[in-house]
Amino acid sequence: MSLKFLCPSFRTRYIFISKVMNDVSNKKSLNKVLNIGCGEGDYDDVIKKHCGTLFSGDINSDDIAYCKSINKDKNIFYDVLDIENLKFKNKTFDCILCIEVLEHINSIPKAIMNMSKALKDGSILVITVPVDSFPLIYDPVNKFLGLFNKKFSIGAYAYGHNNLINENNLINELKKFNIEVINK
């Protein structure tokens, strides 16, 4: 067991991804699934249980090498991928997961456009992000600094987060690409 499971936010997200994949796969066949921004492949086990073929990628080549070493017997295809420059054919995937990625990139519209192109019609896009409306008790330092349009690389802005996501802006961006928000 990874020590990450001792972290409540990771465990909650893992359980959420497991539930979503179970719900989605019970409603539709998931032949090809993409996990973009897979990091160390923490969710690949639970995703693979619900699909035929899993393509999993990250911009960090060291993470991809690690994923390949620990998941070599699971028929998961790993590659270095950049969400802002995806090279898949249009309408390739039945489901795309983008878990805690958008806060690290420069162009959210470009990433959403690329994912929307790679999705088959009627497919599922699962996105999780840290939102900018985090509670004061989570990160009081950055909540205060936010009043002055400043941030410090702790709490909400730790782990290489370039920005936090405004929920309404994300929903509006998804709508531009005809992606319907079913649940949030």
Side-chain angles (χ1 to χ4, degrees), residues 1-89 91-108 110-112 114-120 123-131 153 156-165 170 179 183:
M1 177 179 96
S2 169
L3 292 177
K4 291 178 185 176
F5 282 95
L6 298 176
C7 177
S9 62
F10 174 83
R11 181 154 178 74
T12 300
R13 203 164 31 254
Y14 185 89
I15 291 168
F16 169 76
I17 295 304
S18 180
K19 181 183 179 327
V20 165
M21 291 307 297
N22 190 53
D23 292 348
V24 170
S25 66
N26 283 335
K27 293 177 185 166
K28 70 180 286 153
S29 177
L30 299 176
N31 295 318
K32 289 184 180 178
V33 173
L34 173 62
N35 180 16
I36 185 72
C38 68
E40 295 179 339
D42 297 315
Y43 305 105
D44 289 341
D45 265 357
V46 72
I47 296 167
K48 181 63 178 118
K49 291 176 186 175
H50 300 283
C51 67
T53 305
L54 175 59
F55 295 87
S56 204
D58 197 279
I59 199 164
N60 184 329
S61 60
D62 291 338
D63 282 349
I64 294 303
Y66 177 77
C67 290
K68 286 179 178 179
S69 73
I70 64 166
N71 290 321
K72 56 182 143 193
D73 298 328
K74 297 183 180 161
N75 199 26
I76 301 170
F77 300 94
Y78 288 102
D79 202 356
V80 175
L81 299 174
D82 177 358
I83 193 169
E84 294 178 82
N85 297 293
L86 288 180
K87 303 294 185 211
F88 293 103
K89 291 181 181 177
K91 302 180 189 284
T92 300
F93 296 101
D94 301 300
C95 179
I96 295 178
L97 294 102
C98 178
I99 305 165
E100 305 298 304
V101 173
L102 298 181
E103 65 274 14
H104 297 276
I105 65 172
N106 295 317
S107 178
I108 292 171
K110 191 172 184 183
I112 292 172
N114 288 335
M115 290 187 292
S116 70
K117 285 180 181 179
L119 279 169
K120 292 179 183 175
S123 294
I124 305 294
L125 174 60
V126 178
I127 297 175
T128 67
V129 293
V131 294
S153 294
Y157 289 97
Y159 313 109
H161 294 173
N162 290 339
N163 53 60
L164 301 181
I165 308 302
L170 178 58
I179 298 173
N183 196 354

Under 4.5 Å between any side-chain heavy atoms of Ile165 and Asn163, yes or no? yes
Determine whether a donor-acceptor pair (N or O, by modelled atom type, separation under 3.5 Å) exists between the side chain of Lys120 and the backbone of Ile124. no
Rounded to the nearest 0.5 angstrom, the CD1-CD1 distance for Ile127 and Ile112 is 5.5 Å
So do Leu34 and Thr92 actually touch side chain to side chain, heavy atoms under 4.5 Å? no
Determine the minimum heavy-atom distance between Gly39 and Asp63, stating which atoms define it. O-CB, 3.1 Å
In Å and rounded to the nearest 0.5 Å, what is the CG to CD1 distance from Leu170 to Ile179? 9.5 Å
Measuring from Asp79:CG to Ile64:CD1, what's the distance to the nearest 0.5 Å? 7.0 Å
Side chains of Cys38 and Cys67 in contact at under 4.5 Å (non-hydrogen atoms): yes
Taking every non-hydrogen atom, the tightest pair across Pro130 and Glu100: CD-OE1, 3.4 Å
Closest non-hydrogen atom pair, Ser56 against Ile76: CB-CG2, 4.0 Å
In short, His104 meets Tyr159 closest at the heavy-atom pair CE1-O, 2.8 Å
Distance col, row Ile99:CD1 vs Arg13:CZ, nearest 0.5 angstrom, shows 8.5 Å
Nearest 0.5 Å please: distance from the CG atom of Asn114 over to the CG atom of Asn85. 7.0 Å
Any pair counted as salt bridge (Lys or Arg N to Asp or Glu O under 4.0 Å), so long as it reaches residues 18-35, sequence neighbours left out: Lys19-Asp23
From Met115 atom CE to Leu102 atom CG, the distance as rounded to the nearest 0.5 Å: 5.5 Å
Tell me whether Asn22 contacts the main-chain N or O of Ser18 through its side chain, where contact means a donor paired with an acceptor under 3.5 Å. no
Residue pair Met21 / Leu30, side-chain heavy-atom distance below 4.5 Å: yes
Can you find a heavy atom in the side chain of Val46 that is under 4.5 Å from one in the side chain of Tyr14? yes
On a heavy-atom basis, the closest approach of Cys98 and Ile83 is SG-CD1, 3.7 Å
For residues Asp45 and Asn71, determine if any side-chain heavy atom of one lies less than 4.5 Å from a side-chain heavy atom of the other. yes
For Phe93, the ring-ring contact (aromatic ring centres under 6.0 Å, His included) test, sequence neighbours excluded, returns Phe55, Phe88
Using a 4.5 Å cut-off on heavy atoms from C-beta on, say whether the side chain of Leu97 contacts that of Val20. no
Under the ring-ring contact (aromatic ring centres under 6.0 Å, His included) definition, can you give me all pairs with a residue in residues 16-52, not counting sequence neighbours? Phe10-Tyr43
Main-chain N/O of Asn31 paired with Asp94 side-chain donor or acceptor, under 3.5 Å: yes
Test your reading of the model: is there a side-chain donor-acceptor pair from Ser69 to the backbone of Tyr66, 3.5 Å cut-off? yes
Looking at every heavy atom in both Asn35 and Ile47, which two are closest together, and how far apart are they? ND2-CD1, 3.7 Å
